[in-house]
Amino acid sequence: MSKREKTVVEVEITHPDKVLFPGEKITKGQLIEYYRRVAPVMLPHVEGRPITMHRYPRGLRGTSFIQQEAPEYFPAWIRREPVEKREGGITDRVVVDRPETLVYLANQACLTIHTWLSRAGRLEFPDRLVFDLDPPEGGFSLAVFAARELRRLLTEELEMLPFVMTTGSRGLHLAIPLDGRADFDAVREFAREVAEVMVQRHPDRLTAEVRLAKRGGRLFLDTARNAYGQTAVAPYSVRAKPGAPVATPLEWKELEADLEAQKYTVNNLFAHLDRRGDPWEALRQQRFSLVVARSKLDRLRADFRPEPLFA
DNA sequence: GAAAACA
DNA sequence: TGTTTTCAACGCTAG
DNA sequence: CTAGCG
Ligand SMILES: [Mn+2]
Ligand SMILES: [Mn+2]
């Protein structure tokens, strides 16, 4: 990693008055200003991670698309990382490593940024595990319940310290910093087994069923984010929803009262940040090993295994 | 949003 | 030249 | 392999 100063770059802004969120009349200029201002706290979380862009050039109501590859027409100062596709071939992916990139992407009408759970240089080895808590429509209280219970399992029984954020959509994410020694398959398998313990304990409220029809009003514990080339919404990313909600890292005590998945938006995020600072600051200094948690989980599962049935 | 294709 | 068309993902899971 | 899903 070079310590040389990056040269200053100017980002040309086009159509700053174009309304991207018609409900609140939030313009592209306001989106750009949001990302410019949040950059100092957002950058450390996304640095080095390949991203996926969710672009809405005609605003929230217009057609959108997901962009994975860094196009040639992006300026040369945008960092690109060559990435192997699982099924052969290499593509260049954008990696955010400076505030100007966030500004440039906002000008491209990229409302939402998703990131890999690994970073350039060790793309096969995630440094973050994400439990994606997906409640049914209107079931945010289920997400709060699941977050509390999952936190208790992780801290009291597996000796890991998870961090929580609103996704700005419907649910919550729990994130755990990893030491990068386990590959995606091992991390995902671990997450899946933790999820299955949770489902066993609360079968009426939680499920690991991918099929919507089989969830039956239960919260989906989505562990498939923990895979090579897969992504999760970035902390402090805006979501493409009315009100311009923001994926917002929280302190655990905030999980108590009047929380909602879309509580924080581009219009009130900085008040939260002024009050709390970055609640995930400490995440960046922790590094949990899967080895210890693995063996504790195995014991747990053995205890929960049903008694052998006799014919 | 921007490049390519078209009139 | 101005206008219209085209393009912009991918990996896991269950069956 | 495909459909569903995120
Ligand atoms: Mn989710
Ligand atoms: Mn999900």
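On a predicted model such as this, the values are computed, not experimentally measured, just so you know. Letters A, B, ... mirror the listed sequences (proteins, then strands); counts begin at 1.
Between H173(A) and the choices T167(A), D134(A), D132(A), the side chain to side chain donor-acceptor pair (under 3.5 Å) rule is met once, by D132(A).
In this structure, the CG atom of L212(A) is 13 Å from the C1' atom of dA3(D), given to the nearest Å. One atom, CD1 of I113(A), and another, P of dA9(C), lie 16 Å apart when rounded to the nearest Å. Across the protein-nucleic acid pair, I66(A) atom CD1 and dC5(D) atom P stand 15 Å apart, rounded to whole Å. Counting to the nearest Å, the C1' atom of dG11(C) and the NE2 atom of H114(A) are 15 Å from each other. The distance between atom CD1 of I13(A) and atom P of dA2(B), rounded to the nearest whole Å, is 11 Å. For the pair R211(A) CZ and dG4(D) P, the interatomic distance rounds to 6 Å; values are reported in whole Å. Atom CG of D132(A) is separated from atom P of dT13(C) by 14 Å (rounded to the nearest Å). Between the C1' atom of dA8(C) and the CG atom of L105(A) lies a distance of 14 Å, rounded to the nearest Å.
Listed nucleotides: dG1(B), dC12(C), dG6(D). Nearest to the side chain of D134(A): dG6(D). Considering only the side chain of R55(A), dG1(B) comes nearest among dC12(C), dG6(D), dG1(B). Considering only side-chain atoms of D185(A), the nucleotide from dG1(B), dA14(C), dC12(C) that sits closest is dC12(C). Nearest nucleotide to the V210(A) side chain, out of dA9(C), dT13(C), dA3(B): dT13(C).
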Checklist entry - Can you list the steps and then say if E69(A) with T91(A) is a side-chain hydrogen bond (donor to acceptor under 3.5 Å, both in side chains)? => result CA-CA 6 Å; E69(A) 188 168 340; T91(A) 57; 5.2 Å; no

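Side-chain contact of D185(A) with Y228(A): a donor-acceptor pair under 3.5 Å is absent, judged by distance alone. A side-chain N or O of N107(A) and one of T14(A) form a donor-acceptor pair less than 3.5 Å apart.
The gap from the C1' atom of dG1(B) to that of dG11(C) amounts to 27 Å, rounded to the nearest Å.
Here R170(A) lies out of heavy-atom contact (under 4.0 Å) with every strand. R58(A) comes within 4.0 angstrom of no nucleic acid atom, judged by non-hydrogen atoms across all strands. Across all strands shown, R93(A) has no heavy atoms under 4.0 Å from either base or sugar-phosphate atoms.
Nearer the 5' end of DNA chain C, as judged by each residue's closest nucleotide, is the contact made by T63(A), out of E209(A) and T63(A). Nearer to the 5' terminus of DNA chain C, by closest-nucleotide assignment, is the contact made by N226(A) (compared with the other of K214(A) and N226(A)).
Within the structure, a side-chain polar atom (N or O) of Q108(A) is placed less than 4.0 Å from OP1 or OP2 of dA2(B).
At a cut-off of 3.5 angstrom, counting only N and O atoms as typed in the model, there is no donor on one side facing an acceptor on the other between the side-chain of Q67(A) and the base of dA8(C).
The pair E149(A)-R201(A) does not count as a salt bridge, with every side-chain nitrogen at least 4.0 angstrom from each carboxylate oxygen.
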